[in-house]
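Note that this is a predicted model, so its numbers are computed, not measured.
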There are 2 protein chains.
Amino acid sequence: MAERSQYEELARQISAVGAVKRSLSRILPAECPSGSAAVLSLIGRHGEMRMGRLAELLAVDMSVTSRHVAHVVERGWLERSPDPEDRRSRILRLTPAGRDLLDDLGRRTTDMFAHYLGDWSDEDVGQLNAMLARLRESVGDCRAHATRTPV
Amino acid sequence: MAERSQYEELARQISAVGAVKRSLSRILPAECPSGSAAVLSLIGRHGEMRMGRLAELLAVDMSVTSRHVAHVVERGWLERSPDPEDRRSRILRLTPAGRDLLDDLGRRTTDMFAHYLGDWSDEDVGQLNAMLARLRESVGDCRAHATRTPV
DNA sequence: TATTGTTATACTCTATAACTATA
DNA sequence: TATAGTTATAGAGTATAACAATA
């Protein structure tokens with residue numbers, strides 16, 4: 001159990017990560033906002049999947065996922081095939097164009113981090129990744145427990 | 001220098017921190033969105049300051065800062081006094097009501113993290129805080145170097 | 001009846017650009 | 001002329017609720 005001031009500092013740090021996130025989104029190619037990049041990256045990393053699974057990995061509502069996916073599909077980077085095992089579902093799969101774009105995105109991300117994180121060791125980055133994964137697992141999105149307190 | 005796949009994972013992790021951020025914003029009281037909470041928290045932590053300094057700490061444009069501050073001032077949680085040394089500037093200072101609210105916010109944040117991060121040691125949280133601070137310092141918001149690449 | 005996914009709507013956060021006031 | 005801050009506008013991300021189709 002950590003001290004109170006540590007928790008308050010953590011809240012500020014989490015809030016400030018937004019600046020880094022926005023830096024990442026600024027290096028993206030046109031037509032590819034960060035929501036689209038996240039969709040492509042996760043499907044590239046985990047392979048084809050259904051909407052529900054993607055929504056989990058993105059940690060956003062399925063309605064949001066649906067919008068991001070529609071954007072990516074419209075641009076020919078992703079295909080939505082019907083799932084033969086459950087016709088309510090659709091399987092998401094990268095197209096060749098999507099794979100090309102994903103390579104490009106990886107290059108841009110790598111270039112940026114290599115530039116700004118040049119003095120970070122492989123272990124440093126790995127450790128930060130591990131702690132962020134742990135944080136996400138510990139907190140999750142808590143939507144089930146959420147109750148916005150009235151005044 | 002880290003491996004390419006580490007950087008791509010870092011990009012996904014940073015993107016996913018949004019879920020934790022939204023969990024934090026769900027526990028806020030009415031009338032106090034996360035932008036307002038960030039303003040109050042930073043002024044509580046660093047003491048009175050001017051708009052420009054706050055914009056730096058928030059890592060957002062001053063126009064955004066101005067809007068957040070206006071919201072907080074309208075609700076009586078912050079006062080904007082003219083700066084006697086430079087009449088273009090205004091000094092931001094918590095009101096008693098703002099201090100009360102800030103106490104409340106700290107309680108909510110602490111309760112939430114104590115609940116979800118119960119198995120994190122003080123060192124764990126401190127280490128994550130340190131790494132996030134380092135990340136932010138390394139990357140910053142990079143706005144000066146940003147050029148959104150055309151197709 | 002419950003679940004998968006889509007769409008309509010509304011809210012928050014953000015940046016850019018134009019503007020005011022002061023240095 | 002340059003700087004501190006405000007306001008108008010537009011774009012991206014998100015959640016809730018209502019809806020369609022299928023299990």
Side-chain angles (χ1 to χ4, degrees), chain A residues 14-26 28 30-39 49-56 58-74 78 80-92 141-144 146-148, chain B residues 14-26 28 30-39 49-56 58-74 78 80-92 141-144 146-148:
Chain A
I14 288 172
S15 167
V17 168
V20 179
K21 204 170 166 183
R22 290 194 297 281
S23 294
L24 271 170
S25 75
R26 276 188 212 101
L28 296 176
E31 302 274 286
C32 185
S34 63
S36 301
V39 166
M49 65 183 76
R50 308 197 302 177
M51 293 290 305
R53 166 87 171 126
L54 179 59
E56 261 180 44
L58 286 170
V60 298
D61 191 87
M62 184 132 63
S63 65
V64 178
T65 306
S66 182
R67 253 186 51 162
H68 288 329
V69 166
H71 180 93
V72 174
V73 168
E74 279 164 21
L78 201 65
R80 257 184 307 202
S81 325
D83 181 345
E85 295 186 359
D86 181 341
R87 277 156 46 212
R88 292 172 303 183
S89 289
R90 313 171 79 169
I91 307 274
L92 307 173
D141 73 350
C142 306
R143 244 187 297 163
T147 45
R148 184 166 244 270
Chain B
I14 288 171
S15 167
V17 168
V20 179
K21 205 171 167 182
R22 291 193 297 281
S23 293
L24 270 169
S25 77
R26 276 190 212 98
L28 297 176
E31 303 272 286
C32 184
S34 63
S36 301
V39 165
M49 63 183 75
R50 309 197 302 176
M51 291 292 305
R53 166 87 172 127
L54 179 58
E56 261 179 45
L58 287 170
V60 297
D61 192 86
M62 184 133 65
S63 65
V64 177
T65 306
S66 183
R67 252 187 51 162
H68 289 326
V69 166
H71 180 94
V72 175
V73 169
E74 279 163 23
L78 203 64
R80 259 185 306 206
S81 326
D83 180 345
E85 295 187 358
D86 182 342
R87 274 156 49 213
R88 294 172 302 181
S89 289
R90 312 170 78 168
I91 307 274
L92 307 173
D141 73 350
C142 304
R143 243 186 298 164
T147 47
R148 183 168 246 268

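For A:S66, the side-chain hydrogen bond (donor to acceptor under 3.5 Å, both in side chains) criterion is met by no residue, not counting sequence neighbours. With sequence neighbours excluded, the residues satisfying side-chain contact (heavy atoms from CB on, under 4.5 Å) with A:S63 are A:D61. Residues satisfying the side-chain hydrogen bond (donor to acceptor under 3.5 Å, both in side chains) test with B:S89, not counting sequence neighbours, are B:R50. Residues that satisfy the salt bridge (charged side-chain N to carboxylate O under 4.0 Å, His left out) test with B:R88, not counting sequence neighbours, are B:D86. With sequence neighbours excluded, the residues forming a side-chain contact (heavy atoms from CB on, under 4.5 Å) with B:A55 are B:M62, B:T65, listed by chain and number. Considering only residues two or more places apart in sequence or on other chains, B:R90 meets the side-chain hydrogen bond (donor to acceptor under 3.5 Å, both in side chains) condition with none of them.
The side chain of B:H68 contributes an N or O atom lying less than 4.0 Å from OP1 or OP2 of C:dT14. Here B:S34 reaches the OP1 or OP2 of C:dC13: one of its side-chain N or O atoms lies under 4.0 Å away.
Rounded to whole Å, atom C1' of C:dT14 lies 16 Å from atom CG of A:L24. With rounding to whole Å, A:R22 atom CZ is found 13 Å from D:dG13 atom P. The CG-P distance, from B:D83 to D:dA4, rounds to 11 Å in whole Å. B:H71 places its NE2 atom 13 Å from the C1' atom of C:dC13, with the value rounded to the nearest Å.
Toward the 5' end of DNA chain C, the nearer of the two residues A:S15 and A:R53, judged by each one's closest nucleotide, is A:R53. The residue among A:K21 and B:I91 whose nearest nucleotide of DNA chain D is located toward the 5' end is B:I91.
Between the CD1 atom of B:I14 and the OG atom of A:S34 there is a distance of 12.0 Å, given to the nearest 0.5 Å. Here the CZ-CG distance, from A:R53 to A:L58, works out to 10.5 Å after rounding to the nearest 0.5 Å. One distance of note links CD of A:E56 with CE of A:M51; it measures 12.5 Å at 0.5 Å rounding.
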Footprint string (nucleotides 6-11 of chain D, 5' to 3'): B base within contact, S backbone only, - free, heavy atoms under 4.0 Å: BB----

I need a per-nucleotide contact map over nucleotides 18-23 of chain D, read 5' to 3'. Cutoff is protein heavy atoms under 4.0 Å; write B for the base, S for backbone only, - otherwise. ---BBS

